[in-house]
Amino acid sequence: MGIVGMFQPIEKFSQLIHATKTLHFTCISLLLSAVSRSELLASLFSIQPVAMALVLHAGKTNKNAFKALIAAEYSGVAVKLVENFEMGVSNKTPEFLKMNPIGKVPLLQTPEGPVFESNAIARYVSRSKADNSLIGSTLIDYGHIEQWIDFASMEIDANIAKWFYPRKGHGVYLPPAEEAAIAALKRALGALNTHLASNTYLVGHSVTLADIILTCNLYLGFTQIMIKSFTSEFPHVERYFWTMVNQPNFKKILGDVKQATSVPPAPSKKPAAQPKETKPKTKDEPKKEAKKEAEKPKAEAADEEEAPKPKPKNPLDLLPPSKMVLDDWKRLYSNTKTNFREVAIKGFWDMYDPEGYSLWFCDYKYNEENTVSFVTMNKVGGFLQRMDLARKYAFGKMLVIGKDPPFKVKGLWLFRGQEIPQFVMDECYDMELYEWKKVDISDEAQKERVNQMIEDTEPFEGEPLLDAKCFK
């Protein structure tokens, strides 16, 4: 080995030392530049940390605003709820409409401009903090979070809204549409219940944005319309919801949450009477009033000449008199507490006038939709409320039958006259939801069925009664 060869290993070792020193100084310069991991990620994803407080335009009880506020608590982002917000006023101002032309809330004011739509706002708040676990740490987590956000909006929120808002007068109330919404909601809650049977959270092992949005959507249902008998069919959903709303960051925004104890009643079909408009008096009115006083005698004379038109009679009042007095039967039915068959049923047939009255069986056409007990009973109750216009001319019994869904709805009705009154068919839309069959009282089997329905005999046609309601 020559002299040069002897020094080659030493030269390589020197190069290695030099490279190590270079790397060392590079690391030191990075540290000195104070570039944190979160700032590096923020720059990579074009997300700048929010320096000023974000302003949220919404009411204090808006469940869609809760999404962003809870996300802000988890993210450590300052979000200020605008003061003195008044729905229908604050969101109709030119300043607000410039930020959101359709005037909907919530709306978030940011340094870069406004953001509307509640899920978009919650995403913005969550992503304002780099490396936020609310939005997931892997691509598949992100995909699953977005999946459950869509599910919470399309399957849960939309169907709760279709059920709740028409009952509060915000939209047309249609029983078939309500039934469809409840069925779709039950299907969604069933799928959610299955997922939560083996998962504490929707994605991973901690709260994500999906949990925040789903819980806020469920909040409307649990607090306004989904009573215990409804939610008890989904025990894992119940456990999940109460776990979420009692987390400190949720509770800070939502407060103490209590479940609804009753379903809001269905609205009456009759529109509310509109108050007459009164015009303010003008300066010229005293002169006009003096003129009217002079003309008053003439007007009074004209009124005396024109007799008031009599109110048209109900066609049923024009029928020949009947030996059956309906109020007597209703009184006997209400006052009979014992020996019902011997007293009330016998009394009914003694009073019954087949020439002046007719009996009708009715069967609900869509029993397969009757999958929720209290909804089915509310449906029947609503029907009886809307039959109030026939109270003078009718008596009815409605039975909800079965131990398990789907429940059957059957009824018996006594009407004045030989046909179902036309004004009832025209005014009460529930009538078309039933199949109607006139009772043949010469058939002993049909007559016995009438007795059983009046008496609430149980079991009825081999099945237990879930509920029995009387219209009298």
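Residue numbers count from 1 along this sequence. Reckoned from all heavy atoms, side chains included, excluding hydrogens, waters and symmetry mates.
Other residues, nucleotides and ligands contribute at most 12 non-hydrogen atoms within 6.0 Å of the CZ atom of R187. More than 12 non-hydrogen atoms from other residues, nucleotides or ligands lie less than 6.0 angstrom from CE of M87.
Residues forming a salt bridge (Lys or Arg N to Asp or Glu O under 4.0 Å) with D150 (at least two apart in sequence, or on another chain): none. Partners of K392 according to the salt bridge (Lys or Arg N to Asp or Glu O under 4.0 Å) rule, which considers only residues two or more places apart in sequence or in another chain, are D317.
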Show which side-chain atoms of residues 207-221 pair as donor or acceptor with protein atoms under 3.5 Å away, not counting sequence neighbours.
{"residue": "T208", "atom": "OG1", "partner": "A210", "partner atom": "N", "Å": "3.4"}
{"residue": "T208", "atom": "OG1", "partner": "D211", "partner atom": "OD2", "Å": "3.4"}
{"residue": "D211", "atom": "OD1", "partner": "L202", "partner atom": "N", "Å": "3.1"}
{"residue": "D211", "atom": "OD1", "partner": "Y240", "partner atom": "OH", "Å": "2.7"}
{"residue": "D211", "atom": "OD2", "partner": "T208", "partner atom": "N", "Å": "3.0"}
{"residue": "T215", "atom": "OG1", "partner": "D211", "partner atom": "O", "Å": "2.7"}
{"residue": "N217", "atom": "OD1", "partner": "K63", "partner atom": "NZ", "Å": "3.0"}
{"residue": "N217", "atom": "ND2", "partner": "A152", "partner atom": "O", "Å": "3.0"}

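The residues K365 and D363 are annotated as not salt-bridged, no charged nitrogen and carboxylate oxygen being separated by less than 4.0 angstrom. Between R123 and E146, at least one side-chain nitrogen of the basic residue sits less than 4.0 Å from a carboxylate oxygen of the acidic one, meeting the salt-bridge criterion. The residues R167 and E178 are annotated as salt-bridged, a charged nitrogen and a carboxylate oxygen being separated by less than 4.0 angstrom. A salt bridge is defined here as a Lys NZ or Arg NE, NH1 or NH2 lying under 4.0 Å from an Asp or Glu carboxylate O, and K228 with E238 meets this definition. For the pair K403 and E463, the salt-bridge criterion is not met [side-chain N within less than 4.0 Å of a carboxylate O].
Using bins of under 30°, 30° to 60° and over 60° for the plane-to-plane angle, the ring pair F415/W436 lands in the tilted bin. Ring orientation note: the planes of H57 and F96 are nearly perpendicular, at an angle over 60° on the 30°/60° scale.
Listed for the N100 side chain is no donor-acceptor partner under 3.5 Å among the backbone atoms of L97. Side-chain atoms of K104 do not come within 3.5 Å of backbone N or O of N91 as any donor-acceptor pair.
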Item to check | Stepwise side chain to side chain donor-acceptor pair (under 3.5 Å) test for K67 and N119 | outcome: CA-CA 7 Å; K67 300 174 186 178; N119 291 349; 3.0 Å; yes
Next on the checklist: Could you go through K379 and Y366, starting from their C-alpha distance and side-chain angles, then the distance that decides it, and tell me whether this counts as side chain to side chain donor-acceptor pair (under 3.5 Å)?
Outcome noted: CA-CA 12 Å; K379 179 194 304 179; Y366 310 104; over 6 Å; no
